[in-house]
Every structure is written in C-alpha cells, then in structure tokens.
Amino acid sequence: MATKDLSDYDIATVPSAKKMRFGIVVSEWNIEVTGALANGAVKTLLKHGAKEENIKVHYVPGSFELPLGGQFLAKAGGFDAIILLGCVIQGETKHFDFICQGVTKGTVDLNLKYNLPFIFGVLTTKTMEQAIARSGGKHGNKGNEAAVTAIKMVSLSRNL
Ligand code: DLZ
C-alpha cells in the first residue's frame with residue numbers, strides 16, 4: 001500500500017485560522033524529527049492566516065509527557081487547539097508500546113475532558129529513516145497534517 005503524503009491536502013477545505021490561538025507541545029526526544037514537525041506545523045498555521053503571536057511553542061522531555069504538557073497549556077488557558085508533536089521509534093524493548101499507549105490514551109482523555117481539540121501529531125515508526133520520511137521527507141510532514149487538523153477542529157466547534 002502506498003503511504004499517504006502527509007502534506008498533501010485540499011487547501012480549499014481549510015478555513016481561515018486568522019482568529020485562532022494555538023499551543024504546540026513538542027517532545028525533545030528525537031528532536032531532529034520533532035523540530036521538523038514543529039516547523040511544519042507553524043508554517044502551515046501561518047500559511048492559513050494564524051498570527052505569529054497566537055502560536056505558542058513549548059517543549060517536554062519525551063512523548064510520554066505530551067499529554068501532561070498539553071494539560072498544563074489547557075489549564076493556563078487562551079488556546080483554541082493544542083497540537084502535540086512527538087516521535088517514538090520502536091526499539092528492542094516494550095518501552096515503545098508503553099509510550100505509545102500512554103500518549104494515545106492521554107490525548108484521547110484530554111480531548112474529551114476539556115472539550116478542546118488536542119491534536120495527535122506523534123510519529124510511531126520502526127526506524128529513524130521512516131520518521132525522517134514523515135517529517136519533511138518523501139512522505140511529507142506530519143506537522144502539516146496536525147496543523148490542518150487543528151484548524152478544521154476549531155472551525156467545526158465554532159460553527160455548530
Ligand atoms: C525512554 C524513551 C524511549 C526509550 N524512547 C522514546 C522515543 O522513541 N520517543 C520519545 O518521545 N520518548 C522516548 N522515551 C522517553 C519517554 O517518552 C519519557 O520521556 C520517559 O520515559 C520519562 O517519562
């Protein structure tokens with residue numbers, strides 16, 4: 001099966017982000033990948049009209065800490081959506097499974113608890129090569145996808 005280009009989307013379906021405020025939480029683990037995800041997300045938000053002063057980027061040590069980092073931002077207030085960016089690469093132990101379970105469950109819980117979009121921008125790959133391909137490489141950038149998802153979810157909540 002061909003892998004989707006994560007940066008390929010129909011621009012006409014994306015609302016203006018001019019009046020939206022975004023928090024971005026970035027995992028420092030595999031920073032060469034997560035930094036590229038963050039750049040992709042910020043670039044996409046700006047492209048769709050978000051103001052630079054309405055995008056706040058914060059860092060946590062690893063992907064496991066993304067949900068709590070996101071919760072800190074939600075509690076601080078002032079965000080319409082919070083984007084969580086991480087990269088978990090499968091190693092030889094079960095650590096991969098535990099981190100993926102933790103960040104996935106934590107993100108789902110935050111969405112429902114705060115009634116606020118927390119976007120799951122976490123790459124979970126077997127190799128670093130696969131992660132690089134999805135953070136600005138041949139399969140696009142998951143940061144772009146996460147930003148578009150954030151904009152669409154804020155728009156949906158405002159237009160009901
Ligand atoms: C410990 C660990 C390992 C082995 N691998 C990753 C990884 O591939 N990606 C990632 O984001 N974080 C990893 N971590 C760190 C954990 O997410 C977490 O920061 C630590 O277990 C401390 O809670």
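Quick caveat: nothing in here was measured; it's all calculated off a predicted structure. Residues: numbered from 1 along the sequence shown. First listed ligand is number 1; within each ligand, the first listed atom is number 1.
- Under 4.0 Å from ligand 1, the heavy atoms of Ser27 that appear belong solely to its side chain.
- Of the protein's heavy atoms, Cys87 O, 2.8 Å lies nearest to atom 9 (N) of ligand 1.
- Nearest protein neighbour of atom 6 (C) of ligand 1, counting heavy atoms only, is Trp29 NE1, 3.1 Å.
- Closest to atom 1 (C) of ligand 1, if we only count protein heavy atoms, is His95 NE2, 3.4 Å.
- Under a 4.0 Å N-O distance rule, the pair Lys4/Asp8 does not qualify as a salt bridge.
- Below 3.5 Å of separation, one finds no N or O of Ile99 facing any N or O of ligand 1.
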Exercise. Report the C-alpha distance between Phe79 and His58 in whole Å, list the side-chain angles of each, state the deciding distance to 0.1 Å, and finish with yes or no for ring pair (Phe, Tyr, Trp, His ring centres under 6.0 Å).
Key: CA-CA 13 Å; Phe79 299 103; His58 294 277; 7.4 Å; no
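- For atom 23 (O) of ligand 1, the closest non-hydrogen atom on the protein side is Glu65 OE2, 2.5 Å.
- With a 4.0 Å cut-off on non-hydrogen atoms, Asn30 touches ligand 1 through its side chain and not its backbone.
- Nearest to atom 11 (O) of ligand 1 among the protein's heavy atoms is Ser63 OG, 2.7 Å.
- Using modelled atom types and a 3.5 Å distance limit, the side chains of Thr13 and Lys152 yield a donor-acceptor pair.
- Looking at Lys138 and Asp5, no side-chain N of the basic residue comes within less than 4.0 Å of a carboxylate O on the acidic one, giving no salt bridge.
- In this structure a side-chain-to-backbone donor-acceptor pair under 3.5 Å is missing from Asn54 to Ala50.
- Closest to atom 8 (O) of ligand 1 among all protein heavy atoms lies Ile89 N, 3.1 Å.
- Counting only distance, with no hydrogens or angles, the side chain of Asn144 and the backbone of Gly40 share a donor-acceptor pair below 3.5 Å.
- Residue Pro61 places no N or O, backbone or side chain, under 3.5 Å from any N or O of ligand 1.
- In this structure a side-chain-to-backbone donor-acceptor pair under 3.5 Å is present from Asn30 to Cys87.
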